[in-house]
Structure formats: structure tokens, C-alpha cells
Amino acid sequence: MDFIKLNGQNTPSPTVTVGGISVFKEFLPPSDQLHLVKELRAVAAQAPVFSPKTKSGKPMSVRLTAAGDFGWFSDQRGYRYVEQHPSGVNWPEIPDAIMAIWRAVAGAVPDPECCLVNFYGEGARMGLHQDRDEANFDWPVVSISLGDDALFRVGGTERGGKTESIWLQSGDVAVMGGAARLNYHGIDRIKFGSSSLLKEGGRLNVTLRVVR
DNA sequence: TAGTACCC
DNA sequence: GGTA
């Protein structure tokens, strides 16, 4: 059991490991979760969510936006980080509360340059993939779950290998680093309406990355 | 193949 | 959960 000081309180956060990825269960108390949702609404107001197309041309079921120096974009030309929202506006700044979470869990590493905000509505999912659009895989990827429960699946560094699953809940924080940095991972499904954090239901997932 | 449908 |  780890104790991490956030918001002036010592929050007990049991950690579990899934496919080499550390998950800090219940890392964020409900008050912090509500604050993050408010901040993320402001991000989405400035940079509206959109559904990128995969390399095959099919739209992703997840809608996303971003904050920071870079956002993530995809179309038939491939995946890449981009400095502006598709509308041409700059990405909003990464909210301080989100930076604080990175600093608490990521270790002695550079600050994140990209804060992806993924929204999972009813039926949305994300297939197994690797995060390999970054220039340097030495830095971890940090993932924050808000809202509905999600079945997270993790494999190894090759497709077709064994996988392991865990239900992520609102307030859980996962860190993909070290040997697990390039592990395949995805969201098989969400339990729509399982959390009351988002009034309309659904799941928000925030991922932080060093891109360059 | 950052997807989907269908099978057990 | 696995397969195509």
C-alpha cells in the first residue's frame, strides 16, 4: 500500500500490476475527480473533441482532444503528433492539476508535452495498439481514468501473445513505463452508466506523454 | 490492426 | 475471449 500526498491529504492507493503496467487504484479522491472534469470541459470548449480516422479509413469510436504543445491526430496518412487542433487553434495548456498527477507518479522525468483527452461514449472501445509515435520510449505514459468503468487489456510487445485484463475505475491512475512501455494495450469495453461522475455517462481517459 | 464482425 |  502506497501513500501519496495529494490535496494535502494522504491518500491510500493500492497498486496492482497488469502486464507490467502499474495501476494505482483509487489514486484520485472524488473531489479531485470532479475538479479534473471541470478542467477537461474547459479544454474541450477551446479544442472540441473529434473522431480521428484510423489508417484503414474507419473512424475511431473514441472521440478525443488534447492539451499541451502537441495533440495526437490520425488519418489515412498515419498517426502523428500535431501542434494544432484540426480547426487550426492551438491546444490549450495542460491544467495544473493534471501536471501534478504526472509529477506524483511519473518519476524523475521531463514534463509531458501532450495531454490526450479520450472520451468513451456508450459502446466506444479502443483496439489493442502500441504507443509508438513518440521520439523516445524512455519516458513513461501516464493514464488517468474518470467516469465509467473500463475493461483494460494488456499484452506484450508482439501481437498475438497472451493478454491480461483489469477493470479500471474512476480515479485510477496507470503508469506504462520501463519494459511495459511498448506493450500492446486497449479498452475492450466500458460499463456505460456505472459511474455518476459524468452526468451523461461515459468515460474520460487522460494520457500524458513526452513526445519529442 | 488506436477496427469490426462473428464465433464459442 | 479468440479468430478472421
Side-chain angles (χ1 to χ4, degrees), chain A residues 16-21 23 40 43-44 47-86 91 94 98 112-137 139-168 172-177 180-192 194 202-212:
Chain A
V16 295
T17 299
V18 209
I21 295 172
V23 180
L40 294 170
V43 168
V49 292
F50 58 97
S51 292
K53 286 183 168 53
T54 63
K55 286 175 193 168
S56 69
K58 294 178 179 172
M60 294 171 59
S61 56
V62 171
R63 290 183 289 161
L64 61 89
T65 185
D69 294 337
F70 296 92
W72 187 82
F73 188 78
S74 165
D75 59 19
Q76 293 200 51
R77 294 172 42 213
Y79 311 140
R80 68 265 189 194
Y81 288 98
V82 293
E83 297 190 56
Q84 277 89 28
H85 184 271
W91 303 105
I94 300 176
I98 291 175
E113 300 157 319
C114 173
C115 170
L116 286 190
V117 183
N118 295 125
F119 178 73
Y120 293 73
E122 189 165 18
R125 47 208 160 87
M126 192 177 286
L128 286 177
H129 66 280
Q130 288 176 298
D131 285 15
R132 54 180 320 139
D133 304 318
E134 303 77 29
N136 187 334
F137 303 136
W139 316 125
V141 175
V142 169
S143 164
I144 305 164
S145 293
L146 296 167
D148 288 342
D149 298 352
L151 185 57
F152 182 52
R153 183 177 341 186
V154 185
T157 54
E158 307 277 328
R159 274 197 192 277
K162 288 178 191 166
T163 63
E164 200 179 336
S165 296
I166 186 183
W167 281 97
L168 294 178
D172 293 351
V173 174
V175 180
M176 291 187 229
R181 174 63 178 75
L182 287 170
N183 282 359
Y184 276 88
H185 59 280
I187 295 293
D188 280 352
R189 60 183 183 272
I190 70 166
K191 240 181 245 178
F192 187 76
S194 56
R203 171 177 190 255
L204 279 170
N205 180 60
V206 174
T207 53
L208 297 163
R209 295 178 184 79
V210 178
V211 167
R212 290 181 281 200

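Every chain is numbered from 1 and lettered A, B, ... according to where its sequence line falls, protein lines coming before strand lines. Note: hydrogens, waters and symmetry copies are ignored here, and every other heavy atom, side chains too, is used.
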Treating primed atoms plus P, OP1 and OP2 as sugar-phosphate and everything else as base, which nucleotides of nucleotides 2-8 of chain B get B, S or - for protein heavy atoms under 4.0 Å? BSB----
Side-chain donor-acceptor contact under 3.5 Å, [X] with [Y]:
{"X": "A:D188", "Y": "A:S165", "answer": "no"}
{"X": "A:S145", "Y": "A:R203", "answer": "yes"}
{"X": "A:Y81", "Y": "A:E134", "answer": "yes"}

Please find out if less than 6.0 Å separates the ring center of A:W91 from that of A:F70.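 That pair fails the under 6.0 Å test.
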Check nucleotides 2-4 of chain C for protein N or O atoms closer than 3.5 Å to its own N or O atoms and list the pairs.
from, atom 1, to, atom 2, distance (Å)
C:dG2, OP2, A:R153, NH1, 3.4

Kindly assign one of parallel, tilted or perpendicular to the pair A:F50 and A:F73, based on the angle between their ring planes and the thresholds 30° and 60°.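 Answer is tilted, since the angle falls between 30° and 60°.
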Residues A:R212, A:D69: salt bridge by 4.0 Å N-O rule: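 A salt bridge is present here (some side-chain N lies under 4.0 Å from a carboxylate O).
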Any A:K55 side-chain heavy atom under 4.5 Å of A:Q76 side chain: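 No, side chains not in contact.
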